[in-house]
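Here the structure is laid out as structure tokens; the discussion comes afterwards.
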Amino acid sequence: MNKQTKRTPLYVGGVIILILVFLAFFGGPFLGLGNQQRSKIVFGRYRNREVAYAAGNYFAVSLGNLSNQFQQSSLPQSDADYVLWRGAFDEALFHEALMYLAETSNMDVSELAVDTAIASSGQFQSADGFDVTQWRSLTQTERLRVRRYTREALIHNRVLGDIQSGILIGAPEIKFIEDAAQQERQIRFVSIGTAQLADIDMERYIAENRSLFVRIRSTRLELSGTLNEAERVRDRLEEDGSNFTRILQEYSVDGGEASDSPAGWYYFYELARQFPSAENVSSLLEVPEGRLSEIISENDQHAIFFVQERLPVEEQNLTALLSDARAYLRNYDTVSLQDYLAEVAGDVAADSQRNNSLTETAKSYKLAIEESSYFSINFANNELFPTVEGESAEILEGAANSEDFFLSIFSLQEQEISQPIAAGNSYIVAQLTGIRTSDPEFYEFFDSFYHSQNERWQGDDARRILLKRDVVFDNFEETYTQLVNNQNTQTP
């Protein structure tokens, strides 16, 4: 197992490190958006607090820090600008939420704490300690910016620290997680999804639901207005049905409320889904060819169909029909799909256990067989542990979100074959092929990494709790677009 390393995200999810970015204090790069950086630009609000960019404030420092992290990115500069500004806004919004909590709780930090933080900052350090000359070289405005930012950063850290300290991780919990991760397992498996349903199963499904797959070629006249108005139009069509197109065009031009869809083939289920509350939509299956349908209504919209041809399932191309029926199952009838897949997966598991060979059974069912990587009990593929994945990563992606998957796999004896396991929109049948102990190097850094990761999780939870829609005014998109447009008009 490769030794894992902590990844630094593009946002600060935990406690802020007091890095004083000079460019941000003294104006800073506006990332190609002109010289507007010296004025305050308001992007939104948190309750009564502005979320604004101004030289040297929290928004500006976040932008500078993110810009430094982003230097190695291959994104075009235009894309980078948006990503960085959006990230800085999100950080500043969360910062204002924490400052609001501090304000309403009368939380503050002392001048001594601010002095100590500035004095210990690397920006003002020399070989002899705090560089007084460098500090005195700043203007009074620049010093005030540094002090204001430092004070807010300290308060930010304190509030967030209080939130995180409410959910401390004890040694027994960490030991439990370590123990759960010590054993890793590998499986050989087959996946049973819609593509694996045998043609005979699909033919049976089509036979049981044949009306859904009747194909109808028709022209449709759509009308808005009252049902009485629609009935008058239909009467007119009945009187002169020999020229449906001419009458349709007449209503289109004169009334401006009629429209037609071009003649084409549709499955009945496609038409029925367009009129979900219309009780008479099934009458389309009975309309004689060359005749008008009843008025099919959905709210204040009405449709009249001129049925040209109808094709029952027996007269259709079987290959295309099977493919379309699989798509219908996957998209619209997941209950029946799961029943079919569970039945097939049950047969595969029973045959494999009887033959004591998943490989041979897979051949007889024409199923592809795959090998997973080694993995521990890693629910939802948490980044702390090795990812649950196979040769086709998406197949086990759903399984990793299932407790039944881990209960089943970690209860198998070596070479034992499982019962069917639900894995998202498919089922898998697995055979345990390997058991090993996790790499001991993993535990050398697990304790500190877990604490750090937990702080990040708590920070994310705090964001979700504090940044509710009713207390946030997010005007970032409009403001950013206006800045870009202004810059483009100023560019020669």
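Below, each value reflects all heavy atoms present in this structure, side chains not excepted, and no hydrogens, waters or symmetry copies. Each residue takes its place number in the sequence, starting with 1. All figures in this text were calculated on a predicted structure; none of them were measured in a lab.
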What verdict does the side chain to side chain contact (heavy atoms under 4.5 Å, CB included) test give for E298 and Q274, after you've listed the backbone C-alpha separation in whole Å, the side-chain angles of each residue and the deciding distance to 0.1 Å? CA-CA 8 Å; E298 183 72 26; Q274 296 173 32; over 6 Å; no
Between L407 and F410, does a side chain to side chain contact (heavy atoms under 4.5 Å, CB included) hold up when you go through it step by step? CA-CA 6 Å; L407 287 171; F410 280 81; over 6 Å; no
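No salt bridge links D90 with R463; every basic N to acidic carboxylate O contact stays at or beyond 4.0 Å. Salt bridge absent: R469 and D474 never bring a charged side-chain N and a carboxylate O closer than 4.0 Å. A salt bridge between R47 and E103 is absent, with no side-chain N of the basic residue lying under 4.0 Å from a carboxylate O of the acidic one.
Residues L483 and F43 form a side-chain contact, since some pair of their non-hydrogen atoms from C-beta on lies under 4.5 Å apart. At least one side-chain heavy atom of T139 sits under 4.5 Å from a side-chain heavy atom of E142.
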For residues 186-193, which side-chain donor-acceptor pairs fall under 3.5 Å, sequence neighbours excluded?
unit_1	atom_1	unit_2	atom_2	d
Q186	NE2	S372	O	2.9
R188	NE	E371	OE2	3.2
R188	NH1	Q431	OE1	3.1

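Side chain to side chain, E152 and H95 meet the donor-acceptor criterion of an N or O pair below 3.5 Å.
Between F89 and the options Y53, F94, F59, a side-chain contact (heavy atoms from CB on, under 4.5 Å) holds for only F59.
Note that R86 lies in the cation-pi zone of F476, set by a 6.0 Å cut-off to the ring centre and a 45° limit from the axis.
By the 30° and 60° cut-offs, the orientation of the rings of Y328 relative to Y269 is tilted.
Sparse packing is recorded around CD of E403, with 12 or fewer heavy atoms of other residues, nucleotides or ligands lying under 6.0 Å away.
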